[in-house]
Amino acid sequence: MPPLPFPPFKPCPCGSGRSYSACCSPRHTGERPAETPEALMRSRYAAYFLRDTDYVRRTWHPDTCPADLNLEGDGTRYTGLTIHRAEGDEVEFTATFRAGGRTGRMRERSHFARVGEAWVYVDGEVRGD
């Protein structure tokens, strides 16, 4: 299923403050790769927001990407992203969401690596707030 449509002039779902067309859209289309782990984290969050399973798969390390990834089936709606720290190949963030009529938060320290010229998500440690 294709990702949800999103107006290019609206603020990017990743919370950068830039328009979607100037922020994550070029990464989603393959026009411009993420230059840093933080940029990749933001674009992956926006892909979760838009239910862009193909992009999330493309940016996940092949050794750790789950075979059954499906962003459409569980009804989760992502509502916000806060980046707490981005250093080296790690990004710590909190994502907020609604699922099953309830609001939730997930804080994670994500690890990234280079595969060829591209940054990819390897794994993450879910942390308490």
Side-chain angles (χ1 to χ4, degrees):
M1 199 164 184
L4 297 174
F6 197 79
F9 56 85
K10 285 190 80 170
C12 191
C14 80
S16 68
R18 299 182 321 189
S19 70
Y20 177 59
S21 65
C23 192
C24 291
S25 177
R27 294 181 180 106
H28 292 166
T29 63
E31 181 183 325
R32 186 177 77 228
E35 305 86 355
T36 65
E38 180 179 351
L40 182 60
M41 178 65 244
R42 287 184 176 282
S43 67
R44 285 174 55 83
Y45 170 83
Y48 275 90
F49 179 94
L50 298 171
R51 299 187 206 145
D52 188 345
T53 304
D54 289 342
Y55 182 79
V56 172
R57 279 193 178 287
R58 280 195 319 271
T59 59
W60 205 315
H61 195 284
D63 292 345
T64 58
C65 185
D68 61 350
L69 182 65
N70 178 1
L71 303 183
E72 291 138 28
D74 68 359
T76 301
R77 301 283 185 260
Y78 291 88
T79 58
L81 175 69
T82 302
I83 302 289
H84 302 289
R85 184 181 66 81
E87 287 182 20
D89 62 356
E90 293 185 350
V91 178
E92 190 166 339
F93 69 93
T94 297
T96 56
F97 57 89
R98 289 200 48 81
R102 306 186 94 162
T103 299
R105 299 165 44 99
M106 182 194 72
R107 186 165 180 154
E108 179 178 302
R109 180 171 43 190
S110 297
H111 305 103
F112 298 86
R114 285 255 195 207
V115 172
E117 296 296 312
W119 284 104
V120 294
Y121 172 82
V122 176
D123 60 20
E125 301 162 29
V126 176
R127 307 170 60 106
D129 279 336

Would Met106 and Phe93 satisfy side chain to side chain contact (heavy atoms under 4.5 Å, CB included), going step by step from the backbone distance to the final call? CA-CA 8 Å; Met106 182 194 72; Phe93 69 93; 3.8 Å; yes
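For the residue pair Cys12 and Ser16, the shortest heavy atom distance occurs at CB-OG, 4.1 Å. In this structure, Glu38 and Ala86 approach most closely via the heavy-atom pair OE1-CB, 3.6 Å. Listed here is the closest heavy atom pair of Ala47 and Val56: CB-CG2, 3.7 Å. The shortest heavy-atom contact between Gly88 and Pro37 is O-CG, 3.4 Å. Listed here is the closest heavy atom pair of Trp60 and Arg44: CE3-NH2, 3.5 Å.
In this structure, the side chains of His28 and Ser43 come closer than 4.5 Å at one or more pairs of heavy atoms. Residues Arg27 and Arg58 have side chains not in contact (no heavy-atom distance under 4.5 Å, counting atoms from C-beta outward). Here the side chains of Met41 and Ser110 are in contact, with some heavy-atom distance below 4.5 Å. For the pair Trp119/Asp89, a side-chain contact is recorded, criterion being any heavy-atom separation below 4.5 Å from C-beta on.
Hydrophobic clustering of Ile, Leu, Val, Met, Phe, Trp and Tyr side chains at less than 4.5 Å, counting indirect connections, keeps Phe9 apart from Leu4. A single hydrophobic cluster is seen to contain both Leu69 and Leu50, as judged by linkage of ILVMFWY side chains at heavy-atom distances under 4.5 Å, directly or through other members. Hydrophobic clustering (side-chain heavy atoms under 4.5 Å, transitive across Ile, Leu, Val, Met, Phe, Trp, Tyr) groups Tyr48 together with Tyr121. Both Leu40 and Tyr20 belong to a single network of hydrophobic side chains, linked directly or stepwise wherever heavy atoms of I, L, V, M, F, W or Y lie under 4.5 Å apart. Clustering ILVMFWY residues whenever any of their side-chain heavy atoms sit less than 4.5 angstrom apart, transitively, puts Val115 in a cluster other than the one holding Val122.
In this structure, the side chain of Arg57 engages the main chain of Ala67 through a donor-acceptor pair within 3.5 Å. For Tyr45 (side chain) and Gly80 (main-chain N/O), a donor-acceptor pair under 3.5 Å exists by modelled atom type. Remark: side-chain polar atoms of Tyr78 are not paired, donor with acceptor, to backbone N or O of Leu81 under 3.5 angstrom. Between the side chain of Arg42 and the backbone N or O of Cys14 there is at least one donor-acceptor pair closer than 3.5 Å. Side chain of Thr79 to backbone of Thr96: a donor-acceptor contact under 3.5 angstrom is found.
Open room surrounds CZ on Arg102; 12 or fewer heavy atoms of other groups in view lie less than 6.0 Å from it.
Taking the six-membered ring where the residue is Trp, Phe6 and Phe49 present perpendicular rings, their angle passing 60° and hence far from 30°.
Of the options Glu87, Glu125, Glu92, a salt bridge (Lys or Arg N to Asp or Glu O under 4.0 Å) to Arg109 is made by Glu125 and by none of the others.
Considering CZ of Arg32 and SG of Cys23, their distance stands at 7.5 Å, rounded to 0.5 Å. To the nearest 0.5 Å, atom NE2 of residue His84 and atom CD of residue Glu108 are 11.0 Å apart.
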